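Quick notes on the structure that follows.
Since this is a predicted model, take the numbers as computed values, not measurements. Order of the sequence lines fixes the chain letters, A, B, ..., with proteins taken first and strands second; residue numbering starts at 1 for each chain.
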2 protein chains.
Amino acid sequence: MTVRQDIHSAGIPALCQSCEARHRGVCGALDADQLVDLAKTSSRRSIPSGAELVGDAEVVDSYSNVLSGVVKLTKSLSDGRQQIVGLQFAPDFLGRPFKVESAINAEAATEVSLCSFPRTIIERMMKESPALEHRLLKQTLTELDEARDWMVTLGRKTASEKVASFLLMIARNIDPTVDPAARSATFDLPLTRADIADFLGLTIETVSRQLTRLRTDRVIRIDNNRHVTVDSLSRLEQRSGA
Amino acid sequence: MTVRQDIHSAGIPALCQSCEARHRGVCGALDADQLVDLAKTSSRRSIPSGAELVGDAEVVDSYSNVLSGVVKLTKSLSDGRQQIVGLQFAPDFLGRPFKVESAINAEAATEVSLCSFPRTIIERMMKESPALEHRLLKQTLTELDEARDWMVTLGRKTASEKVASFLLMIARNIDPTVDPAARSATFDLPLTRADIADFLGLTIETVSRQLTRLRTDRVIRIDNNRHVTVDSLSRLEQRSGA
DNA sequence: CCGAAACCTTGATTTCCGTCAAGTCTGCTG
DNA sequence: CAGCAGACTTGACGGAAATCAAGGTTTCGG
């Protein structure tokens with residue numbers, strides 16, 4: 001608490017504000033000295049929507065915390081078919097430890113702000129600080145759980161269930177106050193129809209048709225193609241296949 | 001080396017033999033004292049094919065190393081649709097740290113032998129030994145990579161590509177000597193057609209038809225519905241969608 | 001060795017979603 | 001504000017995989 005205030009009042013970028021929020025970031029696991037060290041070599045960057053952060057088969061020399069925005073992780077087949085294999089929201093950690101080459105592509109889905117540190121620093125700190133490694137293990141386990149949940153959606157749900165599941169997932173991630181008891185929610189879609197299709201293993205036409213159906217059935221409203229209002233979270237849940 | 005020999009010659013179950021093989025097990029990360037401790041509380045079990053190891057929403061009080069056989073991890077929708085979200089081969093670690101309740105089902109796909117330890121022991125050792133936590137982080141990252149690879153298969157490949165990808169994956173896991181240069185491979189399918197369908201997000205009929213096609217195209221042979229000979233790994237790779 | 005059960009294959013038919021092809025809407029630039 | 005490009009929607013059509021329905025194999029217990 002005091003530590004963090006000191007750092008921030010010293011004019012060092014507020015590395016950890018958002019990390020704290022949902023306990024998935026890196027910084028919460030570090031002690032005061034380490035935080036100061038890290039802050040010296042870290043840099044905050046604002047990245048426009050659509051920019052590539054990490055290319056496939058590219059050497060990764062830095063790790064980042066996502067401070068705001070949404071990063072999409074994609075994999076492609078040789079003929080161009082693409083699949084989004086994960087979305088990272090603030091305050092997720094971005095980077096694959098212990099592997100120099102990236103097997104996936106990371107791209108800013110919205111405007112994104114990142115706090116990046118050199119690979120070497122993080123790896124050194126990981127050796128020194130079991131707490132940091134512990135934090136990373138927890139995030140990795142959470143991501144594995146999410147990936148496996150999504151495998152059920154990809155393998156076993158219908159197009160209409162997939163789209164409903166997607167909207168629910170976004171609603172819960174964008175606005176974590178959407179608890180199970182809430183009756184409605186509002187958010188901006190962080191993905192285009194093409195991205196949603198790549199996430200769900202569908203085509204953009206099918207995604208569009210399903211959204212239209214949800215609209216005509218009065219489950220959701222969409223303004224300007226982006227701004228979504230879920231009028232009935234419970235009916236959306238019913239359609240998600242659970 | 002010496003340590004391990006001491007333990008084994010002392011009549012303590014050979015916890016770590018298979019762990020060593022591919023460096024994904026738990027034991028390699030422990031020191032001599034810890035290994036002896038662990039061996040005292042561990043038990044080796046042989047489990048028949050089809051037995052449930054961990055039920056959904058069940059409290060997990062033990063962790064295990066898979067010593068032989070194949071364990072399937074499944075998730076189900078409320079209406080019974082099922083998806084296999086992972087397969088664990090020896091010497092994988094089985095168990096989800098930091099979570100008392102399991103969100104997935106674990107079932108023996110073949111006859112399985114396990115080496116199990118109480119939850120409390122592992123968690124205590126994890127606190128004491130950063131090396132163990134490091135080992136777990138690495139396995140978890142590997143599983144995450146595998147899950148993401150499989151998401152591409154589920155979301156973007158055709159039925160025929162899915163079946164080819166599956167056969168290749170099994171060939172590489174059952175017999176790790178199948179290197180890229182090999183031209184053929186032989187193995188027993190660890191899964192029934194129904195399991196394969198649940199793994200690939202298909203129906204058993206579609207799986208069966210695709211296997212038949214691979215057979216008539218002379219890419220594979222199948223004896224007794226189980227014993228597979230891949231005559232041309234390269235042609236199988238071509239059909240896997242890469 | 002027989003019979004039953006579980007597992008697998010094959011064929012006919014249906015359905016959902018992908019493909020192709022116009023349009024419409026939104027936001028941006030000059 | 002006009003015009004344009006990119007993103008989205010909608011419709012008609014076709015095809016891949018699901019569903020429905022038999023029939024064939026393998027395995028296992030008696």
Side-chain angles (χ1 to χ4, degrees), chain A residues 48-50 72 77 79-83 109-111 153-167 188-217 220-228 239 241, chain B residues 48-51 72 77 79-83 107 109-111 153-167 188-217 220-228 239 241:
Chain A
S49 172
K72 59 182 188 191
L77 298 176
D79 62 2
R81 282 174 288 176
Q82 205 176 47
Q83 175 70 43
T110 63
E111 185 169 302
T153 300
L154 286 173
R156 288 303 183 197
K157 290 190 186 173
T158 65
S160 126
E161 290 168 336
K162 284 179 178 181
V163 171
S165 303
F166 170 77
L167 291 174
D188 280 352
L189 279 178
L191 301 184
T192 65
R193 303 293 187 272
D195 284 339
I196 299 173
D198 280 347
F199 194 50
L200 296 173
L202 298 171
T203 60
I204 56 175
E205 293 94 333
T206 300
V207 170
S208 179
R209 278 186 251 272
Q210 295 303 332
L211 287 174
T212 300
R213 203 148 77 82
L214 287 172
R215 226 170 333 128
T216 59
D217 292 355
I220 61 171
R221 276 171 291 162
I222 306 183
D223 299 316
N224 296 338
N225 286 341
R226 281 265 143 142
H227 192 71
V228 175
R239 290 169 187 239
Chain B
S49 170
K72 60 182 189 193
L77 299 175
D79 63 2
R81 281 174 288 177
Q82 206 176 46
Q83 176 68 44
E107 194 177 311
T110 63
E111 185 169 300
T153 300
L154 285 173
R156 288 302 182 197
K157 290 190 185 173
T158 64
S160 125
E161 290 169 336
K162 284 179 178 181
V163 171
S165 304
F166 170 76
L167 291 174
D188 280 351
L189 279 177
L191 301 184
T192 64
R193 303 292 188 274
D195 284 338
I196 299 173
D198 282 347
F199 194 50
L200 296 172
L202 299 171
T203 59
I204 57 174
E205 293 94 330
T206 301
V207 170
S208 179
R209 279 186 249 272
Q210 295 302 333
L211 287 174
T212 300
R213 202 148 78 82
L214 287 172
R215 227 170 331 130
T216 59
D217 292 354
I220 61 171
R221 275 172 291 162
I222 306 183
D223 299 317
N224 293 339
N225 286 339
R226 280 267 145 139
H227 192 70
V228 175
R239 291 169 186 239

Interatomic distance, [X] [atom1] vs [N] [atom2] [rounded to whole Å]:
X: A/Ile204; N: D/dG6; atom1: CD1; atom2: P; result: 14 Å
X: A/Arg81; N: D/dA16; atom1: CZ; atom2: P; result: 13 Å
X: A/Ile220; N: D/dC8; atom1: CD1; atom2: P; result: 14 Å
X: B/Ile222; N: D/dT25; atom1: CD1; atom2: P; result: 15 Å
X: A/Arg215; N: D/dT10; atom1: CZ; atom2: P; result: 6 Å
X: B/Asp195; N: C/dC7; atom1: CG; atom2: C1'; result: 12 Å
X: B/Leu200; N: D/dA18; atom1: CG; atom2: C1'; result: 15 Å
X: B/Arg226; N: D/dC28; atom1: CZ; atom2: P; result: 11 Å

Say whether, by atom type as modelled, one donor and one acceptor occur between the side chain of [X] and the main chain of [Y] under 3.5 angstrom.
X: A/Gln82; Y: A/Leu77; value: no
X: B/Arg156; Y: A/Leu202; value: yes
X: B/Ser165; Y: B/Glu161; value: yes

For this session: If a protein heavy atom is under 4.0 Å from the base, mark B; if only from the sugar-phosphate, S; if neither, -; do that for nucleotides 15-26 of chain C going 5' to 3'.
Result: --SSBB------
Exercise. For B/Arg213, which contact category applies under a 4.0 Å heavy-atom criterion: base, sugar-phosphate, or nothing?
Worked result: nothing
For this session: For B/Ser208, report the nucleic acid contact type (base, sugar-phosphate, nothing); a contact means any heavy atom under 4.0 Å.
Result: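 Result for B/Ser208 = base.
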Exercise. Under a 4.5 Å cut-off applied to non-hydrogen side-chain atoms, are A/Asp198 and A/Lys72 in contact?
Worked result: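 Result no, sub-4.5 Å side-chain heavy-atom pair not found.
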Kindly give the heavy-atom pair with the smallest separation between [X] and [Y], and that separation in Å.
X: B/Thr158; Y: A/Arg81; answer: N-NH1, 4.2 Å
X: A/Leu214; Y: A/Leu167; answer: CD1-CD1, 3.7 Å
X: A/Ala109; Y: A/Leu191; answer: CB-CD2, 3.6 Å

For this session: Please state whether the phosphate of C/dC7, meaning OP1 or OP2, lies under 4.0 angstrom from any side-chain nitrogen or oxygen of B/Arg193.
Result: no
